[in-house]
Amino acid sequence: MIRQTFRKSERLCSKSKIENLFKRGTSFISYPFRITQLSDDKNDGPPVQVLIVVSKRRVKSAVARNRIKRMVREAYRKNKHIIWDNYSTISSQKLLLCINYIGKTIVEYKDVERKLILILQRLIENDE
RNA sequence: UUGACAGGCUAUUCCAUCGCUGUGAUAACCAGUUAUUGCUGAGGAAAGUCGGGACAGCACAGGGCACCUUACUUCCUAACAGGAAGGGUUCAUGUUUGAAUACAGAUAGUGCCACAGAGAAAGUAGCCUAUGUUGAUUUAUACAUCAGCAGGUGAAUGUGAAAACGUGAGGUAAGAGCUCACGCUGUGUAAUGGCGACAUUACAGAGGGGUAAACCUUAGGGGCUGCAAGAUCAAAUAAACCGGCAAUUUUUGUUAUGCAAAAUAAGGGUUGCCCGCCUGAUGCCGGAGGGUAGAUUGCUAAAGUUGCAUGGUGACAUGUAACGCAGAUAAAUGAUGGAAAUACUUAUUGUAUUACAGAAUCCCGCUUAUUGGCCUGUCAAUUCU
RNA sequence: GGUCCCGUAGUUCAAUGGAUAGAAUGUGAGAUUCCGGUUCUCAUGAUAUGGGUUCGAAUCCCGUCGGGAUCA
């Protein structure tokens, strides 16, 4: 069982990696999220790195923006074992992931969690 | 008691589980990571970036111009276009209070004042003909009458946002502060009160519009840029620099596979080779330099917060006691469950805890957004004594 | 985070502080046509917002709101 942590190293912070991700990654939409993914060479660190985006253009209020980001982060933290189990077995690959929120209003936490679980399962199916 | 207005205060609390930021302790090892555990973690505006500072870099002998900025007084403050207490002016009320106030200078100069009007700053196509003069009529001339010029004047009418202090009387050819009476507004001098702005009184003398949020003048202030400032460490890559090593083919001399001299496009790309074409004086290693990705620092103990006392009308100051109060960086402060309290309701219970809003170097102000509750003051209405 | 700039009809632009805020285009109606287009006529519609200065403000000054640019 993987612990439900979400550390700094599990986040995607490197500028060049992000550029790479948006340049060459593939993406799909599952409302209210838009997922961009890319497989990368694994050196060290966690098997999956995640970037959460809430656009300032779509959500004007900073408070609402912060709240959505926190909800998404919380939902990912609780359910990341779904995708970790898959990727930790493949030793040479790691996954870069961007979760882009494209809704314009705040939704309930339960909806966010349910939707995110669906997305993570779909990622695994695509991989296989 | 209710309502309105103004001002101030506050921003639900606790527990459990899973996580995040910072930090202290302990342990492990791969020596900067992991694990355990303790403490800590968003506002009154964190917002706008409007004003001012701290701090940092650059510049700087001193002064001036230019540019920007301020503009009633005294005080407060590190400083301010901020605040406090006053003064003047304007407006409202209607006789005493409230509100607003970029509130130096229009007699230093320049510009502008549409339309209308004679005229928008020393002015008429108006008025007058006393005085001088020309002409005409009449007459012996003069007087007189008419017209023009010189001249005088600044009235009335009307226009306009604004018309040359206002009203009345005198005066005159016509008029005019030209004179007088009563007022209005500036200026100067003196006295009294006030720290001062200023107020009151007396005397003298004046009355050439408005506009400086038009240019400007006067007086005071300002060096410029901003934490993406600045400091330290530093992969990678390109070109240039320095040092070392290596390197193509041909010819000649010499006994020589070696050495010396001279000449030479060697290599790479284009399908493995050849031709052709393109590119092209090289390749490797090291150094120094520069400082990108990135990391560390700047970074949070401070013009500190709260209580009390003293001084002051007040802003505030002084003294004393306690507290030790975020520090992220594609950016932490969250999720779930339960309890208490409050409000509303269908009163077993259920719903809500909301508004505006999220630190980004720090601080002081200002401005703007805003829900519910509490407190204070003023005014109005009603009821009771 | 800092520093600057700009807001005029539905759209693109004008307008010296002077009054009905103008032009093109769009939209609507009418005329022309057998019908549509072209053309002609008429209408429609705006100074981002709240104050101030001024006799008078789109313009000058201040606050607010919105948009944009730039600095690694």
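Predicted, not measured: the structure shown is a model, and the values here were computed from it. Below, chain A is the first sequence line, B the second, and so on; all start at residue 1.
Considering only the side chain of A/E74, B/G334 comes nearest among B/A331, B/G334, B/A330. For A/L51, the side-chain atoms get nearest to B/A330 when compared with the rest of B/G334, B/A330, B/A42. In this structure, of B/A335, B/G358, B/A331, it is B/A331 that holds the atom nearest to the side chain of A/K69.
Rounding to the nearest 0.5 Å gives a distance of 8.5 Å between SG of A/C98 and CZ of A/R34. Interatomic distance, A/L123 CG to A/Q37 CD, rounded to the nearest 0.5 Å: 5.0 Å. With values rounded to the nearest 0.5 angstrom, A/L120 atom CG is found 12.5 Å from A/K115 atom NZ.
No N or O donor and acceptor, one from the side chain of A/R73 and one from the base of B/C20, sit under 3.5 Å apart.
Counting heavy atoms from C-beta on, the side chains of A/Y101 and A/I52 never come closer than 4.5 Å. Residues A/K80 and A/V48 fail the side-chain proximity criterion, which asks for heavy atoms closer than 4.5 Å.
Comparing B/A240 with B/A234, their P atoms are spaced 26 Å from each other, to the whole Å. When the P atom is used for both B/G44 and B/U10, the distance is 8 Å, rounded to whole Å. When the C1' atom is used for both B/A85 and B/G194, the distance is 15 Å, rounded to whole Å. Taking the C1' atoms as reference points, B/G8 lies 16 Å from B/A45, given to the whole Å. Using P as the reference atom, B/U370 and C/G66 are 13 Å apart when rounded to the nearest Å. On the C1' atoms, B/G57 is 25 Å away from B/G289, given to the nearest whole Å. Here, B/C364 and B/C5 have their P atoms 33 Å apart, quoted to the whole Å. Across B/U361 and C/G1, the matching C1' atoms stand 10 Å from one another, rounded to whole Å.
Both cation-pi conditions hold for A/R122 and A/F28: the charged atom is under 6.0 angstrom from the six-membered ring centre and inside a 45 degree cone around its axis.
Atom CG in A/N66 sits about 15 Å away from atom C1' in B/G41, given to the nearest Å. What separates CZ of A/R65 from C1' of B/A331 is a distance of 12 Å, to the nearest Å. In this entry the distance linking CZ of A/R70 with C1' of B/G41 reads 12 Å, nearest Å. Atom pair A/Q49:CD and B/A330:C1' shows a separation of 13 Å (rounding to whole Å applied). When rounded to the nearest whole Å, the span between CZ of A/R114 and P of B/A335 equals 19 Å. The distance between atom CG of A/N79 and atom P of B/G19, rounded to the nearest whole Å, is 14 Å.
Summarising the base pairing, B/U26 is matched to B/A35 through a Watson-Crick or G-U wobble pair whose two defining distances lie under 3.5 Å. Remark: B/U376 base-pairs with B/A6; criterion is Watson-Crick or G-U wobble with both hydrogen-bond distances under 3.5 Å. The pairing partner recorded for B/A315 is none, the criterion being a Watson-Crick or G-U wobble arrangement whose two distances lie under 3.5 angstrom. Pairing of B/A219, defined by two Watson-Crick or G-U wobble distances under 3.5 Å, is identified with B/U70. When Watson-Crick and G-U wobble pairs are counted only if both distances are under 3.5 Å, B/G226 pairs with B/C55. Under the Watson-Crick or G-U wobble criterion, with both distances below 3.5 Å, B/U187 is paired with B/A204. Across all strands shown, B/A16 forms a Watson-Crick or G-U wobble pair with B/U336, both key distances being under 3.5 Å. Under the Watson-Crick or G-U wobble criterion, with both distances below 3.5 Å, B/A262 is paired with B/U250.
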Short heteroatom pairs, N/O only, protein and nucleotides 43-49 of chain B, under 3.5 Å:
none

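When all heavy atoms of A/L116 and A/F33 are compared, the pair lying nearest together is CD1-CE1, 4.5 Å.
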Pairs counted only when both distances fall under 3.5 Å, Watson-Crick or G-U: show me the 5' to 3' dot-bracket for RNA chain C, [ ] for pseudoknotted crossings and | for other-strand partners. (((((((..((((....[...))))((((((.......))))))...(((((..]....)))))))))))).

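The side chain of A/R77 places no N or O atom within less than 4.0 Å of a non-bridging phosphate oxygen (OP1 or OP2) of B/C18.
Among the candidates A/T36, A/V53, A/V54, A/I35, the single residue satisfying the side-chain contact (heavy atoms from CB on, under 4.5 Å) test with A/N100 is A/V53. Each of A/R70, A/K78, A/M71 was compared with A/E74 under the side-chain contact (heavy atoms from CB on, under 4.5 Å) criterion, and only A/K78 meets it.
Shown here, C/G7 is classed anti by the O4'-C1'-N9-C4 or O4'-C1'-N1-C2 angle, which is more than 90° from 0. Glycosidic conformation of B/U300: syn, with the torsion inside 90° of 0. A syn base is found at B/A125: its glycosidic angle is within 90° of 0. In this entry the base of B/G177 is syn relative to its sugar, with a glycosidic angle within 90° of 0. B/G168 has its base anti relative to the sugar, with a glycosidic angle deviating from 0 by more than 90°.
Positionally, the nearest nucleotide of RNA chain B for A/I52 lies more toward the 5' end than for the other of A/I52 and A/M71.
Under the side-chain contact (heavy atoms from CB on, under 4.5 Å) criterion, A/I117 pairs with A/N79, A/I82, A/E113, A/Q121, sequence neighbours left out.
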